[in-house]
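Here is the structure we will look at.
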Amino acid sequence: MTGDLAARVAALTPEQRARLRAALPAARRPELTPGQRRLWRTHHQVGGRPVDVVCQAVHLTGSAVDLDRIADRLLAFAASHEALRTTFTTEGDTVRPVTHAVLPPRLVRTRCADEAEAHALARSQAEEPFDLAAGPLLRVTLAEGPAPDEAWLLFAVHNLVFDAWSFELLLDALGAGTTADAPSGTSGAFGRFAADQRAWVGSPAGRAAAAYWAAETADAPPPLPTDRPRTDATTRTGARAGFTLPAAVADAITAGAKREGATAYAGWLAVAWAALAEFGGSDDVLLGTFTTGRTSPDSQDVVGYLLNVLPVRLRGAGDGGHRDRLRSARDITRAGLRHAAYPGELIEAPRRLEGTHPLLDAVFVFDNLGDEERRVQGALATSADLDKATARYDLTLAVYPGPEGVTGWLEFDTALYDASTARALAERFTALAGAAAQEVDR
């Protein structure tokens, strides 16, 4: 779209834009991806409560930063990525994305006395309902700290236009030395991704992936037990039971995985499998797992919701020890990665659950995207994924490796689970991690 045409479209009234969209050929009109459709349904199923929202607090320390420069960089980043200029409209029963020529993020300047105040402000920003039709869906508060060399950047972004990988791209842009060095988006990048994904699903490779996932989820085990029955009437109110593990345990699990030709992800997945198999009373466990959704080189720099939530069917535990679970988890995940481009929402499986996800009740997250040191204008940038008192799934087990060990949490839907149940499961996970570390060291 040329600048002149973009300006003419931006000048249209909402009624004129609606008539223009209706006149476009159907084949050229944008559509939501399967992942976005699930997020849209969840948004309305929980009455518009912000559940699928990225809520991050970035603490800048050690050097004074120019928040005006950061604000300019944020505006440029949003302008260069179409996903962040997108809102969503309904046409009858159809939901369509609308990309605006100009849709700046909401930027607020303030001051915070300490981390507790900054985190409370970030949560408040994320709890405010999003108007998906009007936007913007990116909110940032730039907060001065109590000292000249301290500040916070507080982010709330709806997942319809953003994911964890997108957040890393945003931090790359903020940390670039100059505006010229900052990664920039390509016009239409997310739209092209969505169109390419639709085409790939109908290709021979897409059909083969569909068959693979159908076979993996056939005769799936029942969901994990809950303290109270599942229903479709959910608000997805949640809480977290946090945990930490020392570096010695984390290093042993990573080293044991490497000896088996596996990744640290597979090592921790094996621990999660052991905990959930014990909790559910069966070694056949169906878990969800996150993949970036960026399976092609030209999608690496695309901002938007490309995240793909896929099932991982864990079975064949051997003697039940960590090594046998690790080897099985390694083989299962390798096989699944060959078909990771297939949207999880399209998997045809007989298992159907009440709630916001028809297939998955529990999800495992291993997040090592932010394990490298980041700096913005010379200041050390430390990110925190904040508890929003929501639960995207019935249970989400998250593991964050770092130089001093592992931090993590078990997020749970409070309508389904008591806090005592979640704490006990988190404690059992850490105990099994310790046992796994001892086993691989022998």
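One is the number of the first residue; the rest follow in order along the sequence.
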(message) Any non-hydrogen side-chain atom of W213 less than 4.5 Å from a side-chain atom of R313?
(response) no
(message) I'd like to know if R294 and D163 make a salt bridge, using a cut-off of under 4.0 Å between side-chain N and carboxylate O.
(response) yes
(message) Does this structure show an ion pair linking K258 with E260, if we count only N-O contacts that are shorter than 4.0 Å?
(response) no
(request) Answer whether the closest heavy-atom distance between the side chains of T33 and E345 falls below 4.5 Å. (result) no
(message) As a quick check of understanding, evaluate salt bridge (Lys or Arg N to Asp or Glu O under 4.0 Å) for R392 and D413, giving each step before the final call.
(response) CA-CA 8 Å; R392 299 182 191 219; D413 188 324; over 6 Å; no
(message) Between the side chains of R37 and E31, is the shortest nitrogen-to-carboxylate-oxygen separation below 4.0 Å, so that they form an ion pair?
(response) no
(request) Ignoring hydrogens and angles, state whether a donor on the side chain of R38 or Y305 is under 3.5 Å from an acceptor on the partner side chain. (result) yes
(request) Give a yes-or-no answer on whether the side chains of Y393 and T356 include a donor-acceptor pair shorter than 3.5 Å. (result) no
(message) Quick test of your reading of the model: are R236 and D52 salt-bridged, counting only N-O distances below 4.0 Å?
(response) no
(request) In plain terms, say whether R325 and E439 are close enough for a salt bridge, that is, a side-chain N and a carboxylate O under 4.0 Å apart. (result) no
(request) For T86 and E82, indicate whether the former's side chain and the latter's backbone hold a donor-acceptor pair under 3.5 Å. (result) yes
(request) State which residue, out of R374, R375, R73, fulfils the salt bridge (Lys or Arg N to Asp or Glu O under 4.0 Å) condition with D172. (result) R374
(message) Taking atom CG as the centre, does D219 end up with more than 12 heavy-atom neighbours from other residues, nucleotides or ligands that are less than 6.0 angstrom away?
(response) no
